[in-house]
Amino acid sequence: MAKMKLSESSFSMIPEGSTIFKVMKVDDSKYDDFGKLSVKLQTAKGETHTETFSLINAKTGELNEGALKAWSYFARVCLNNFSADEIDTQDIVGCYIQATVKHETYIKKKGDNAGQEGKSVRLNDYATASGFGGKANIDVDNDEDPEDDSDDLDDFLDD
């Protein structure tokens, strides 16, 4: 039996919670033929995520209204311009967006691993961000207001 050095694995899922992303790239090369847009996002730690918007239903060739609404909201939040009615897809490159990261489990339907369980990242609750703000990830506890640290201040006050 031979010993063999393995390459370093750098893949890890972005942790669940509220995270700020920078839009690094918008790939609209498949838009004309397939109605797809891919947006590459990156965290302050360098973790990447790709959001894909399928604007045309592949089976019917009709406009996917839900995806169009999702893309429109995503773009408006990135630009912090909720009255925009048309943009160039490249306008959002360099913009920041905050989103809640959730992990979802699903059963793979195609390929060699069909029938096996997989995990993916879903972004929800988009909010405008003006930069990373010095924090790579902001962990939000749903039971408490993250802005309400007034109780913790008592620990530092002298009588």
Side-chain angles (χ1 to χ4, degrees), residues 7-142 144-147:
S7 68
E8 291 186 33
S9 175
S10 62
F11 176 78
S12 65
M13 292 183 80
I14 297 171
E16 288 187 314
S18 185
T19 303
I20 296 174
F21 295 91
K22 181 178 182 181
V23 177
M24 303 303 290
K25 177 182 177 183
V26 177
D27 181 1
D28 56 8
S29 63
K30 295 181 181 179
Y31 178 72
D32 289 334
D33 294 333
F34 304 105
K36 291 186 184 275
L37 292 173
S38 295
V39 181
K40 183 176 180 182
L41 304 168
Q42 184 174 324
T43 68
K45 290 182 178 179
E47 301 160 313
T48 60
H49 173 76
T50 301
E51 279 288 279
T52 302
F53 299 91
S54 298
L55 303 172
I56 303 292
N57 184 320
K59 292 180 182 177
T60 65
E62 295 177 4
L63 183 66
N64 181 344
E65 288 287 335
L68 179 60
K69 287 180 182 180
W71 159 251
S72 298
Y73 184 70
F74 180 88
R76 287 180 178 125
V77 171
C78 284
L79 295 170
N80 195 20
N81 181 354
F82 295 92
S83 63
D85 60 353
E86 183 177 88
I87 67 164
D88 181 313
T89 57
Q90 302 306 306
D91 289 347
I92 66 170
V93 174
C95 293
Y96 292 86
I97 189 166
Q98 184 171 335
T100 301
V101 175
K102 293 186 180 185
H103 295 171
E104 291 188 348
T105 303
Y106 64 96
I107 302 298
K108 296 177 182 179
K109 296 181 181 179
K110 297 180 181 178
D112 293 338
N113 298 322
Q116 293 182 3
E117 191 174 273
K119 223 174 203 184
S120 65
V121 170
R122 178 171 301 274
L123 303 183
N124 294 311
D125 305 325
Y126 301 128
T128 301
S130 59
F132 288 123
K135 295 184 180 181
N137 277 334
I138 303 167
D139 295 323
V140 178
D141 184 351
N142 292 333
E144 296 181 23
D145 181 359
E147 299 297 319

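Count residues from 1 along the sequence. FYI, side chains are in, hydrogens and waters are out, and symmetry mates aren't considered; it's all heavy atoms of this structure.
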Over all atoms of both residues, closest heavy-atom pair of [X] and [Y]:
| X | Y | result |
| --- | --- | --- |
| Ile56 | Leu63 | CD1-CA, 4.3 Å |
| Ile87 | Ala75 | CD1-CB, 3.7 Å |
| Cys78 | Ile97 | SG-CD1, 3.8 Å |
| Lys22 | Phe132 | CB-CZ, 3.9 Å |
| Thr89 | Ile92 | O-CG1, 3.5 Å |
| Leu79 | Cys95 | CD2-SG, 4.0 Å |

Between [atom1] on residue [X] and [atom2] on residue [Y], distance to nearest 0.5 Å:
| X | Y | atom1 | atom2 | answer |
| --- | --- | --- | --- | --- |
| Ile107 | Glu117 | CD1 | CD | 5.5 Å |
| His103 | Met13 | NE2 | CE | 4.0 Å |
| Phe53 | Ser38 | CZ | OG | 9.5 Å |
| Lys40 | Glu51 | NZ | CD | 14.5 Å |

Lys36 side chain to Ser54 side chain, donor-acceptor N/O pair below 3.5 angstrom: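 A donor-acceptor contact under 3.5 Å links the two side chains.
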When you compare the side chain of [Y] with that of [X], does any pair of heavy atoms fall below 4.5 Å?
| X | Y | value |
| --- | --- | --- |
| Leu41 | Val23 | yes |
| Phe82 | Asn80 | yes |
| Asn64 | Leu55 | no |
| Leu123 | Val101 | yes |

From CA spacing to verdict: side chain to side chain contact (heavy atoms under 4.5 Å, CB included), Arg76, Asn81: CA-CA 5 Å; Arg76 287 180 178 125; Asn81 181 354; 5.9 Å; no
Aromatic ring pairing Phe74/Tyr126, orientation class (parallel under 30°, perpendicular over 60°, tilted between): perpendicular
Parallel, tilted or perpendicular: ring planes of His49 versus Phe21, cut at 30 and 60 degrees: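 His49 vs Phe21 ring planes: tilted.
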Residues that Glu65 engages under salt bridge (Lys or Arg N to Asp or Glu O under 4.0 Å), provided they are two or more places apart: none
N/O donor-acceptor pair under 3.5 Å between Thr100 side chain and Ser18 backbone: no
Step-by-step side-chain hydrogen bond (donor to acceptor under 3.5 Å, both in side chains) determination, Glu47 to Ser12: CA-CA 8 Å; Glu47 301 160 313; Ser12 65; 4.5 Å; no
With sequence neighbours excluded, residues passing side chain to side chain contact (heavy atoms under 4.5 Å, CB included) with Asp88: Gln90, Asp91
Enclosure of Lys102 NZ (heavy-atom neighbours >12, cutoff 6.0 Å):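 Atom NZ in Lys102 is not packed in, count stays at 12 or less.
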